[in-house]
Protein chains: 2
Amino acid sequence: MENKELFRLLAGKNSLRLELELKLNEMIKREYYAKSQIILKPGQIPNRAWFIEKGSAMGFVFKEEKKVPFWFWNENDIMVPLNSFFNQIPSETYIELLEPSVLVSISFDDVQEILLGFPESNDYVRKIMQDYQQMSEKRILEFAAYTPEEHYLHLMRDCPAIFRKASVESIAAYLGISRKTLNRIRSRTRRF
Amino acid sequence: MENKELFRLLAGKNSLRLELELKLNEMIKREYYAKSQIILKPGQIPNRAWFIEKGSAMGFVFKEEKKVPFWFWNENDIMVPLNSFFNQIPSETYIELLEPSVLVSISFDDVQEILLGFPESNDYVRKIMQDYQQMSEKRILEFAAYTPEEHYLHLMRDCPAIFRKASVESIAAYLGISRKTLNRIRSRTRRF
DNA sequence: ATCCTTTTGGGACATTTGTCCCTTTTTTAG
DNA sequence: CTAAAAAAGGGACAAATGTCCCAAAAGGAT
């Protein structure tokens with residue numbers, strides 16, 4: 001059965017209504033992308049909500065010629081630029097794939113149709129937003145309450161996959177520190 | 001008409017259905033609190049979603065005996081600990097009022113009733129969550145891409161009310177810097 | 001395999017930030 | 001109003017971070 005992992009993620013402990021699964025299967029598009037491909041640019045209105053079946057991605061902006069990543073997505077993550085997607089307004093950020101990836105997606109219009117036709121889908125969308133919000137708050141606290149070293153160690157523990165996929169430069173910028181500082185932390189905390 | 005400002009916030013450009021307004025008016029509770037009152041503690045399940053009719057509040061955690069604020073709410077803000085409220089799980093944070101405040105609120109059960117009985121209310125909830133998410137992402141970028149001084153100046157520009165209500169200590173912790181550094185920035189950027 | 005480009009890690013030095021104080025000012029409680 | 005407590009601002013010094021490098025290593029393209 002295709003899209004199994006996505007459906008499990010949406011429904012939580014229960015499962016989706018069969019009608020909804022069938023409908024989604026009709027709507028869902030699956031696409032294959034190369035590494036480093038940019039799938040969203042500032043100014044574009046994101047017309048699809050993605051699920052990363054395989055691969056990973058990074059959301060970033062440019063600040064003084066440098067990429068500043070603000071979000072990493074991994075395999076089995078739902079990837080939606082919440083604000084620009086749901087309001088259908090131009091994005092202010094980039095999304096770039098960090099490796100060859102398989103993305104499954106659904107269009108904005110199809111999402112609207114689902115929300116109207118399947119009332120319980122409102123709960124699924126709310127759950128997605130809550131998860132984003134929870135991760136964002138965690139991230140804000142990391143910045144506000146922890147030293148760069150603690151912040152780095154937490155990221156390392158919670159999201160080790162990132163370190164195999166993103167550059168040191170990107171991870172440093174994601175943590176809000178310079179590459180030099182990240183290198184210092186890494187050599188300091190490397191245990192032999 | 002009571003709750004006018006709240007209804008306007010919920011409905012955006014349009015207005016709420018009259019039936020919904022009436023229903024909400026029945027459900028809504030209005031309470032008066034003193035300055036510095038703690039209205040949510042770690043371990044408590046928040047059973048109400050608030051709207052600040054008058055006053056302001058601060059969400060924070062303790063890190064090594066010190067309060068670390070992660071969110072400020074002002075007059076006319078909707079104040080909901082999204083994750084713990086919607087999942088009805090214990091909060092991990094405090095919410096404290098910064099001044100004598102008037103809070104309007106609705107219970108979790110009543111929200112569920114509204115969501116079932118008024119399908120369009122799903123859009124209102126989604127809008128609230130989007131706004132939170134947008135502010136969170138903005139905040140994350142402030143930390144990742146800007147210097148403490150820029151971060152401070154942006155906060156000053158976007159949210160000057162905070163500076164009349166929170167202590168220098170709190171604002172510094174909110175920005176992830178020490179009180180000393182905030183003082184240095186302030187004396188440096190004070191223009192005569 | 002080879003060349004070219006990009007990434008990485010670290011040294012030297014300048015700058016920024018933090019910690020520990022103390023004094024002054026402001027706020028709170030009686 | 002007054003006494004006590006809390007908050008604010010700033011000095012001196014220590015610690016950390018950033019900038020500018022460069023050389024080594026890794027990755028991509030032909």
Side-chain angles (χ1 to χ4, degrees), chain A residues 33-38 55-56 58 60 62-69 72 96-100 142-153 155-156 162-192, chain B residues 33-38 55-56 58 60 62-69 72 96-101 142-153 155-156 160 162-192:
Chain A
Y33 291 94
K35 177 174 176 174
S36 300
Q37 196 151 349
I38 304 248
S56 53
M58 163 174 105
F60 67 91
F62 273 103
K63 167 89 194 301
E64 290 158 12
E65 267 82 284
K66 286 182 188 282
K67 290 180 183 179
V68 182
F72 290 114
E96 175 184 341
L97 299 174
L98 296 175
E99 54 188 326
E142 288 287 338
F143 276 115
Y146 295 95
T147 63
E149 180 166 326
E150 292 169 318
H151 195 168
Y152 163 79
L153 291 171
L155 179 62
M156 195 84 170
I162 290 305
F163 291 86
R164 273 168 261 121
K165 294 169 177 174
S167 68
V168 173
E169 185 82 41
S170 293
I171 292 171
Y174 178 84
L175 294 168
I177 59 182
S178 69
R179 182 160 60 92
K180 187 71 175 81
T181 298
L182 181 50
N183 277 332
R184 277 195 271 243
I185 291 171
R186 299 183 80 167
S187 64
R188 204 192 305 149
T189 58
R190 246 194 303 266
R191 296 279 162 262
F192 301 92
Chain B
Y33 291 95
K35 178 174 177 174
S36 300
Q37 196 150 348
I38 303 250
S56 53
M58 162 174 106
F60 67 90
F62 274 103
K63 167 87 195 299
E64 290 157 12
E65 267 83 282
K66 286 181 188 283
K67 290 181 184 179
V68 181
F72 290 114
E96 175 185 340
L97 299 175
L98 297 175
E99 54 188 326
S101 302
E142 288 286 339
F143 276 115
Y146 294 94
T147 64
E149 181 167 327
E150 291 170 319
H151 195 168
Y152 162 80
L153 291 171
L155 179 62
M156 194 85 171
I162 291 305
F163 292 85
R164 271 168 263 124
K165 295 169 178 174
S167 68
V168 172
E169 185 84 39
S170 293
I171 291 171
Y174 177 85
L175 294 169
I177 59 182
S178 69
R179 183 161 58 93
K180 187 71 174 84
T181 298
L182 181 51
N183 276 333
R184 276 195 271 244
I185 290 171
R186 299 184 80 166
S187 63
R188 205 192 304 150
T189 58
R190 242 191 310 262
R191 295 283 163 260
F192 301 94

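Just the heavy atoms: all of them, side chains too, but no hydrogens, waters or symmetry mates, feed the values below. Chain letters run A, B, ... following the sequence lines, proteins first, then strands; residues in each count from 1.
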**Prompt:** Quick check: does any side chain N or O of B/K63 sit under 3.5 Å from a backbone N or O of A/A145, one acting as donor and the other as acceptor?
**Reply:**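 Side chain of B/K63 to backbone of A/A145, a donor-acceptor pair under 3.5 Å: yes, one is there.
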Give the rounded distance in Å between these two atoms: [atom1] of [X] and [atom2] of [N].
X	N	atom1	atom2	answer
B/Y152	C/dT17	OH	C1'	17 Å
A/K66	C/dT7	NZ	C1'	13 Å
A/K180	C/dA14	NZ	P	16 Å
B/I185	C/dT17	CD1	C1'	10 Å
A/R188	C/dG10	CZ	P	12 Å
A/I171	C/dT8	CD1	C1'	12 Å
A/L182	C/dT7	CG	P	15 Å
B/Y146	C/dT16	OH	C1'	20 Å

Would you say [X] and [Y] make side-chain contact, with heavy atoms under 4.5 Å?
X	Y	value
A/R186	A/V168	yes
B/N183	B/K180	no
A/I162	A/Y174	no
B/K66	B/E169	yes

**Request:** Start with the C-alpha distance between A/L175 and A/T181, add both sets of side-chain angles, then the distance that settles side-chain contact (heavy atoms from CB on, under 4.5 Å), and finish with yes or no.
**Result:** CA-CA 10 Å; A/L175 294 168; A/T181 298; over 6 Å; no
**Message:** Tell me if the centroids of the rings in B/Y152 and B/Y146 come within less than 6.0 Å of each other.
**Reply:**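 No.
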**Asked** Where does the chain B footprint on DNA chain D start and end, counting 5' to 3' with a 4.0 Å heavy-atom cut-off?
**Response**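 Both ends considered, the range comes out as D/dA8 to D/dA12.
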**Message:** Does B/R184 contact C/dG18 through a side-chain donor or acceptor facing the base, at a distance under 3.5 Å?
**Reply:**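 Answer yes: a donor N or O sits under 3.5 Å from an acceptor.
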**Message:** On the nucleotide C/dT17, are OP1 or OP2 found under 4.0 Å from the side-chain N or O atoms that B/T181 carries?
**Reply:**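 B/T181 to C/dT17 OP1/OP2: no side-chain N or O under 4.0 Å.
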**Asked** Closer to the 5' end of DNA chain D via nearest nucleotide, is it A/R179 or A/P148?
**Response**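 Going by which nucleotide is closer to the 5' end, it is A/P148.
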**Request:** Tell me which nucleotide among C/dT28, C/dG18, C/dT8 gets nearest to the side chain of B/I177.
**Result:**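 Closest of the options to the side chain of B/I177: C/dG18.
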